Asker: 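I have a structure I would like to understand better, so I am pasting it below and will then ask my questions one at a time.
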Number of protein chains: 2
Amino acid sequence: MGEKMISSIAELIADRIGSMPAGERRAAQTLIASYPMIGLKTVAEFSAAAGVSSPTILRFVARLGFQNYPEFQSNLQDELAAQLQSPAIRTLNPPSPGGGTASPMLEATLDNMRETFRHLSDRQLADIAARLAERRGKTFLIGGRFTDPLARYMAAHLAIVQPDVVHLAGQESMWRDRLIDMGKRDVLVIFDIRRYQDSLVRFAEKAHQRGVQIVLFTDQWLSPIARFARHVIAGRTAVPSAWDSSAALFVVAETLIGAVTRQLDANGARRIREMEGLR
Amino acid sequence: MGEKMISSIAELIADRIGSMPAGERRAAQTLIASYPMIGLKTVAEFSAAAGVSSPTILRFVARLGFQNYPEFQSNLQDELAAQLQSPAIRTLNPPSPGGGTASPMLEATLDNMRETFRHLSDRQLADIAARLAERRGKTFLIGGRFTDPLARYMAAHLAIVQPDVVHLAGQESMWRDRLIDMGKRDVLVIFDIRRYQDSLVRFAEKAHQRGVQIVLFTDQWLSPIARFARHVIAGRTAVPSAWDSSAALFVVAETLIGAVTRQLDANGARRIREMEGLR
DNA sequence: CAAAATACGTAACATACGATACAGCGCTCC
DNA sequence: GGAGCGCTGTATCGTATGTTACGTATTTTG
């Protein structure tokens with residue numbers, strides 16, 4: 001068939017957004033971002049939200065094929081009404097004619113997360129959070145080639161709610177020397193998924209020998225570092241892509257960040273406020 | 001407490017419909033019958049549907065406690081928005097077959113991802129992937145305080161499948177000077193969620209002026225950088241935590257990485273194998 | 001049953017909303 | 001580097017929309 005099935009205005013926009021001038025594209029993006037609410041408001045409000053002028057909004061709806069703004073709004077309303085009638089089938093992004101959500105990548109990722117958390121007890125999470133929250137020693141974080149950003153992400157947050165959080169960055173020679181600062185009161189958070197990096201394994205081993213408590217984020221096949229780790233978080237990484245996915249580990253990291261923050265709330269809240277003041 | 005809990009206009013109507021005159025009651029019943037759609041239309045249409053006159057409709061909304069008709073409509077819209085935003089009551093997400101996960105954090109994150117992708121068309125993703133894959137110029141990536149790790153993560157992967165991928169790290173003064181290398185053949189991927197960082201906005205503006213194509217990862221309230229962006233990805237960030245979640249954006253990033261890799265497969269595969277050999 | 005009070009619709013009004021004409025600007029293509 | 005085109009915002013206009021005043025109908029009450 002020559003034409004595509006366009007059943008919603010959102011699809012219509014997605015179809016034509018490529019061939020729109022900058023201003024109208026901003027209008028389109030603004031509408032999609034909070035679809036479809038902004039489209040139900042007046043042209044003035046719409047234009048203000050998108051940061052463009054009123055005529056641009058009107059040209060935008062005209063390009064979509066509507067004679068005037070009210071007609072555009074009517075269609076949006078009809079669409080909404082249809083959705084409300086059948087709460088079951090939310091068809092903004094249609095279930096992809098053929099079954100399954102349009103993005104198998106998304107589905108796989110969601111599954112990974114559910115699986116990851118299924119094998120992860122609340123108890124375990126709480127224990128790790130408690131360990132990270134008790135301020136006896138320092139917290140070091142490090143990751144592998146692709147997972148180091150996760151270590152950074154976690155460090156960026158933890159460093160705000162407590163002192164002595166350090167992300168080990170840069171060359172191997174750089175952080176290897178930091179071992180000398182690490183002792184049995186300290187915690188080392190390591191991210192390592194396959195291909196497990198030798199340098200990280202060696203580093204973990206050394207740290208372990210010094211009595212450092214290791215929290216390991218790895219994949220379901222477990223990095224060799226698991227041998228030395230006090231806590232192991234095994235996330236699912238398989239997705240229909242050339243790469244492995246770190247998304248499940250990312251979510252676990254965020255969950256931990258949240259839990260630690262909550263535990264430190266009494267002291268941490270003041271600390272956060274203090275920091276705000278320093279800007 | 002003396003007052004009842006009134007959380008929706010529908011309840012408000014049910015509460016007062018007993019003390020309404022005949023005409024206004026017809027208005028109320030008409031609204032309830034197709035709640036809330038007819039209330040979003042004009043007074044004239046509403047009155048026609050209810051078989052009463054316009055002033056009766058206005059007296060009806062006045063009795064509900066609204067100053068004027070637009071105010072009444074705004075409240076209806078807010079109510080709708082709240083309903084649409086929270087797929088919370090989405091009974092279709094099985095409570096994890098085999099034991100309900102008690103983690104509200106996980107549930108919220110999963111919802112965020114579904115919502116994010118609902119507002120993200122395959123087309124848009126494909127467009128962005130194509131832009132990133134076509135090797136006309138360089139690809140720059142940068143992020144804000146908490147999102148910079150996402151930029152790193154993406155850069156780490158893209159740099160493997162294609163040349164000229166650079167992550168802008170370090171001090172503002174460092175990457176500000178890199179502007180001089182950037183031109184209209186280049187792409188700049190920016191991560192910026194609220195509190196949006198002034199430095200990033202300024203940087204984006206300058207880059208935009210130089211004709212750089214900007215791909216923006218932001219939250220649903222859209223960073224001001226959206227003004228300059230060619231492509232905007234609006235991810236949901238709300239979770240029951242002291243922090244916002246970047247997990248949805250992370251998944252989008254991974255999806256894009258996968259898409260770009262697939263597109264470059266012909267050439268990219270050889271490049272990857274070559275790299276393997278270099279170890 | 002009469003008289004008053006309330007409810008309702010018709011019609012005129014004012015506002016704010018969408019639409020349009022036009023000029024300035026940047027971009028592309030010679 | 002210059003000419004042409006397309007995009008965007010400002011200012012203006014017409015009109016649809018919400019609002020109000022007033023007269024008529026309907027119900028309520030003494």
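We name chains A, B, ... by the order of the sequence lines, and we start the count at 1 in each one. Note that the coordinates shown come from a computational prediction; the quantities given were computed from them, not determined experimentally.
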Asker: Nearest whole angstrom, please: distance from the P of C:dC29 to the NZ of B:K184.
Answerer: 10 Å
Asker: With no hydrogens and no angle check, just 3.5 Å: does a side-chain donor-acceptor pair link A:Y153 and A:D148?
Answerer: no
Asker: Output the rounded distance in Å from CZ (A:F46) to P (C:dA19).
Answerer: 13 Å
Asker: Would you kindly say whether B:H231 and A:R25 are connected by a side-chain donor-acceptor distance under 3.5 Å?
Answerer: no
Asker: Whole Å only: how far is the OH atom of A:Y69 from the C1' atom of C:dT20?
Answerer: 17 Å
Asker: Using chain B heavy atoms and a threshold of under 4.0 Å, write down where along DNA chain D the contacts begin and end, 5' to 3'.
Answerer: D:dT17 to D:dT20
Asker: B:D181: what forms a salt bridge (charged side-chain N to carboxylate O under 4.0 Å, His left out) with it, not counting sequence neighbours?
Answerer: B:R178
Asker: Counting neighbours of CD on B:Q209 that are heavy atoms of other residues, nucleotides or ligands and sit closer than 6.0 Å, is the number greater than 12?
Answerer: yes
Asker: Check the distance between C:dA19's P and A:F66's CZ and give it to me in whole angstrom.
Answerer: 13 Å
Asker: Determine whether A:W243 and A:F146 satisfy the following criterion, ring pair (Phe, Tyr, Trp, His ring centres under 6.0 Å), listing intermediate values before the conclusion.
Answerer: CA-CA 10 Å; A:W243 309 95; A:F146 296 121; 5.6 Å; yes
Asker: Is a side-chain N or O of A:E24 found less than 3.5 angstrom from the main chain of A:I57, in a donor-acceptor match?
Answerer: no
Asker: On DNA chain C, nearest-nucleotide positions of A:Q73 versus B:H208: which is more 5'?
Answerer: A:Q73
Asker: Would you say A:Q77's side chain and B:M37's backbone share a donor-acceptor pair under 3.5 angstrom?
Answerer: no
Asker: Between B:E45 and A:R26, which is nearer to the 5' end of DNA chain D once each is assigned its nearest nucleotide?
Answerer: A:R26
Asker: Round to the nearest Å and state the distance from A:L58 atom CG to C:dC22 atom C1'.
Answerer: 16 Å
Asker: Given 3.5 Å as the limit, does a donor-acceptor pair link the side chain of B:R185 with the main chain of B:K138, or not?
Answerer: no
Asker: When you check every protein heavy atom under 4.0 Å of nucleotides 6-15 of chain C, what one-letter string (B, S, -) results, 5' to 3'?
Answerer: -SBBB-----
